[in-house]
Amino acid sequence: RFKISMQPLGSPAAGMRLRGEVFVWLQDLGILEASDAAELTRRAAVLKPEVASPFENGLLVYDLLDALGLAGGNARSLRDSGAPLAKLQNWNALAPLLDAAGVPLDADTKALAVAGDVDSVAAVIESVFAGAQAGGGKRASGLSAGQAGQGQTAHPQHDSLGARAPAPRAPAGRAPAGV
């Protein structure tokens, strides 16, 4: 049976699409749960929009880097907000961390991520995955906007619904939104 959707693939309403192996890897790291996928097959997972949102604003990208030991431990400058200015601030803070992880973030990819392009955010996540698989999480290949579109448990500090149990690891210290 086919679903008919008026939303183009990659739009926020469609959710973020990740390769199946990346979704399983994020589960293994404690970033996602099986219930975080709106659609799940062996080949791909489409994240629910409310689960993709903390990736879009950069918070779960930080948590991913933190889980890999690449975050540097200072998350106080990150904001839990979907506002464009907060997203820009978060992605600006993530850029040097991603660069140190071997995933340089070019200006176009950052602009697409801030604009809410889920394909570009998924491409960043998949580049971190590729680097972790290739070099133990320390280096990854560079990422440009041309690579976008290849192709949770939201941690409680990011979950506006408050429906999640506490994550097993200590949460990063973030300032509340609007501070």
Side-chain angles (χ1 to χ4, degrees), residues 3 5-68 71 75 78-95 97-98 101 103 105 108-130 132 143 145 147-165 167 171-172 174 177:
K3 293 182 183 178
S5 173
M6 300 305 287
Q7 297 295 328
L9 184 62
S11 72
M16 183 184 305
R17 180 177 298 276
L18 297 172
R19 288 190 340 247
E21 64 185 332
V22 174
F23 183 78
V24 169
W25 177 66
L26 291 170
Q27 285 180 292
D28 290 345
L29 290 172
I31 306 291
L32 295 176
E33 292 179 356
S35 63
D36 294 327
E39 297 176 33
L40 181 59
T41 67
R42 286 186 180 179
R43 300 182 90 190
V46 177
L47 300 182
K48 294 175 183 175
E50 65 271 17
V51 175
S53 179
F55 278 113
E56 290 174 47
N57 69 17
L59 294 175
L60 286 181
V61 175
Y62 177 88
D63 284 354
L64 170 59
L65 295 172
D66 189 42
L68 296 172
L78 299 180
R79 300 288 182 246
D80 188 357
S81 171
L85 186 58
K87 285 182 175 182
L88 179 60
Q89 180 180 348
N90 290 352
W91 283 99
N92 281 337
L94 287 169
L97 301 175
L98 287 164
V103 183
L105 187 66
D108 290 337
T109 302
K110 184 181 358 176
L112 288 168
V114 168
D117 182 83
V118 294
D119 290 338
S120 64
V121 176
V124 169
I125 296 164
E126 294 202 9
S127 291
V128 172
F129 169 77
L143 175 71
Q147 293 172 307
Q150 297 173 5
Q152 106 172 297
T153 298
H155 289 296
Q157 65 269 26
H158 312 307
D159 189 0
S160 61
L161 301 176
R164 304 281 184 195
R174 290 190 185 83

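Please read these numbers as outputs of a predicted model, since none were measured by experiment.
Paired with W25 under the rule side chain to side chain contact (heavy atoms under 4.5 Å, CB included), one option of L32, L18, L64, I31 passes, and it is L64. Each of L78, L112, V61, N57 was compared with W91 under the side chain to side chain contact (heavy atoms under 4.5 Å, CB included) criterion, and only V61 meets it.
Without hydrogens or angle criteria, E126 side chain to R19 main chain gives a donor-acceptor distance under 3.5 Å.
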Inset, instruction - Test side-chain contact (heavy atoms from CB on, under 4.5 Å) on L94 and V124 and set out the steps. - result: CA-CA 11 Å; L94 287 169; V124 169; over 6 Å; no
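The heavy-atom pair separating A122 from M16 by the smallest distance is CB-CG, 3.8 Å. Here the closest heavy-atom approach between residue L26 and residue F55 is recorded as CD1-CZ, 4.2 Å. Residues S120 and A113 come closest through the heavy atom pair OG-N, 3.4 Å. What you find for V51 and P54 is that their closest heavy atoms are O-CD, 3.0 Å.
Contacts of A44 classified as side chain to side chain contact (heavy atoms under 4.5 Å, CB included), with partners at least two apart in sequence or in another chain: R17, T41. Residues forming a side-chain hydrogen bond (donor to acceptor under 3.5 Å, both in side chains) with K110 (at least two apart in sequence, or on another chain): N92.
Two residues are said to be in side-chain contact when any heavy atoms from C-beta on lie closer than 4.5 Å; V103 and F129 fail this criterion. For the pair F23/L47, a side-chain contact is recorded, criterion being any heavy-atom separation below 4.5 Å from C-beta on.
Here L29 contributes atom CG and D63 contributes atom CG; the two are 11.0 Å apart, rounded to the nearest 0.5 Å.
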